[in-house]
2 protein chains.
Amino acid sequence: MPDVIINKNRFYNPVDYILRQIGGTWKAPVLWRLKAKTLRYSELEKDIPHISQKMLTKTLKELESDGIILKKTYASVPPRTEYSLTAKGKKIITLVATIRTTGLELMKDEGIDYEALIKEEKKNAVKK
Amino acid sequence: MPDVIINKNRFYNPVDYILRQIGGTWKAPVLWRLKAKTLRYSELEKDIPHISQKMLTKTLKELESDGIILKKTYASVPPRTEYSLTAKGKKIITLVATIRTTGLELMKDEGIDYEALIKEEKKNAVKK
DNA sequence: CAGTATCCAATATGATACTG
DNA sequence: CAGTATCATATTGGATACTG
């Protein structure tokens with residue numbers, strides 16, 4: 001498999017090319033929440049468990065510079081910023097969904113019904 | 001999305017669960033070569049560009065401990081070791097193939113025909 | 001609200017030398 | 001042949017304090 005240079009970056013193969021854009025801990029959680037809607041910085045921060053402010057900022061910057069999300073800033077007071085998927089982002093979210101499905105399957109092989117856990121979580125959130 | 005603990009490891013979501021097993025630079029290149037055949041350590045090392053001996057060893061260990069590949073050692077002289085995909089590995093290679101396909105598509109969007117590059121490389125290898 | 005800046009620990013990767 | 005061991009660097013991620 002030959003190397004390829006795209007935008008001054010060297011990739012070893014097509015999987016490398018994808019994983020450098022959506023790999024790591026935080027890309028997928030952000031993209032997943034932007035799947036169907038535009039969200040503000042603070043909404044993403046509130047909705048993604050464990051993410052630090054630094055990692056959210058960094059992740060958003062990289063996704064934007066890779067052309068996967070679009071950032072819109074409104075010069076209101078206080079300032080407002082909204083993030084949404086680009087056309088490329090919409091292609092990529094399909095892949096994320098596939099990875100997620102395989103994850104659910106392999107978890108099931110380990111005896112874990114993850115989607116049931118999500119329902120549980122929602123129920124408890126409502127109770128509160 | 002709730003956390004999940006599998007084999008003493010905490011995962012944030014199903015994508016995290018998958019990427020911790022096949023993410024990074026070297027998992028996919030190794031798996032891709034084991035897709036249809038059993039290979040020896042030295043064959044993998046020869047066939048994967050840029051990989052260091054240390055990273056190959058580490059990658060093989062992690063894939064084995066995650067139940068994705070099987071290691072067979074033959075006590076001949078000199079010793080021989082063969083690696084192959086497990087049932088779980090075969091499920092995972094399907095996903096790797098999908099990631100690869102998306103990678104090829106996005107590369108094409110950047111104006112790069114990666115599969116043509118592979119053919120070129122093969123031709124040059126034969127000429128030599 | 002939407003970030004920067006700084007310090008720190010852990011992990012990923014590479015380079016080189018050595019071994020049962 | 002199939003690895004270990006060691007040293008070094010870069011990147012990832014967390015914690016905390018600060019800002020237009």
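Chain letters run A, B, ... following the sequence lines, proteins first, then strands; residues in each count from 1.
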Could you check which of [options] has an atom nearest any side-chain atom of [X]?
X	options	value
Met55(B)	dT16(C), dG14(C), dT4(C)	dG14(C)
Gln53(B)	dC7(C), dA17(C), dG3(C)	dA17(C)
Lys61(A)	dT4(C), dG13(D), dG3(D)	dT4(C)
Tyr41(B)	dA2(D), dG14(D), dT4(C)	dA2(D)

Hey, which of Leu63(B), Thr59(B), Leu60(B) is the one that makes side chain to side chain contact (heavy atoms under 4.5 Å, CB included) with Trp26(B)?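 Filter result, single survivor: Thr59(B).
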Single hit among Leu34(B), Thr86(B), Leu85(B) for side chain to side chain contact (heavy atoms under 4.5 Å, CB included) with Leu70(B):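 The single option meeting the side chain to side chain contact (heavy atoms under 4.5 Å, CB included) with Leu70(B) is Thr86(B).
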Please confirm whether the shortest side-chain N or O distance from [X] to OP1 or OP2 of [N] is below 4.0 Å.
X	N	value
Arg40(B)	dC1(D)	no
Ser42(B)	dA2(D)	yes
Lys54(B)	dA17(C)	no
Lys71(B)	dG3(D)	yes

Is it true that a side-chain atom of Glu120(A) and a backbone atom of Ala116(A) form a donor plus acceptor pair closer than 3.5 Å?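 Flag not set: sc Glu120(A) to bb Ala116(A) has no pair under 3.5 Å.
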Tyr114(B) side-chain N/O to Pro2(A) backbone N/O, donor-acceptor pair under 3.5 Å: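 Yes: the side chain of Tyr114(B) pairs with the backbone of Pro2(A).
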For atom [atom1] of [X] and atom [atom2] of [N], their distance in whole Å:
X	N	atom1	atom2	result
Leu19(A)	dT11(D)	CG	C1'	16 Å
Leu56(B)	dA12(C)	CG	C1'	15 Å
Ile69(A)	dA2(C)	CD1	C1'	14 Å
Trp26(B)	dT13(C)	CH2	C1'	9 Å
Lys46(A)	dG3(C)	NZ	C1'	16 Å
Arg10(A)	dA10(D)	CZ	C1'	17 Å
Gln21(B)	dA12(C)	CD	P	14 Å
Asn9(B)	dA10(C)	CG	P	17 Å

Bend across the helix from dC1(C)-dG20(D) to dG20(C)-dC1(D), to 10°, with axes taken over 5 pairs at each end?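 The value is 50°.
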Would you mind classifying the nucleic acid contact of Lys58(B) as base, sugar-phosphate or nothing, using non-hydrogen atoms under 4.0 angstrom?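 Touches sugar-phosphate only.
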Salt bridge between Glu62(B) and Lys27(B), side-chain N to carboxylate O under 4.0 Å?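 Salt bridge flag = yes for Lys27(B) with Glu62(B).
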Measure the spacing between [atom1] of [X] and [atom2] of [Y] and express it to the nearest 0.5 Å.
X	Y	atom1	atom2	answer
Ile48(B)	Arg33(B)	CD1	CZ	5.0 Å
Ile112(B)	Ile6(A)	CD1	CD1	3.5 Å
Arg40(B)	Asp47(B)	CZ	CG	14.5 Å

Might you work through the side-chain contact (heavy atoms from CB on, under 4.5 Å) test for Thr102(A) and Thr98(B), ending with a clear yes or no? CA-CA 11 Å; Thr102(A) 302; Thr98(B) 303; over 6 Å; no
After noting the C-alpha distance and the side-chain angles of Asn7(A) and Asp66(A), does the key distance pass the side-chain contact (heavy atoms from CB on, under 4.5 Å) rule? CA-CA 10 Å; Asn7(A) 301 328; Asp66(A) 283 335; over 6 Å; no
Which residues, if any, of residues 72-84 of chain A bring a heavy atom under 4.0 Å of DNA chain C?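 Those residues are Pro78(A), Pro79(A), Arg80(A), Thr81(A), Tyr83(A).
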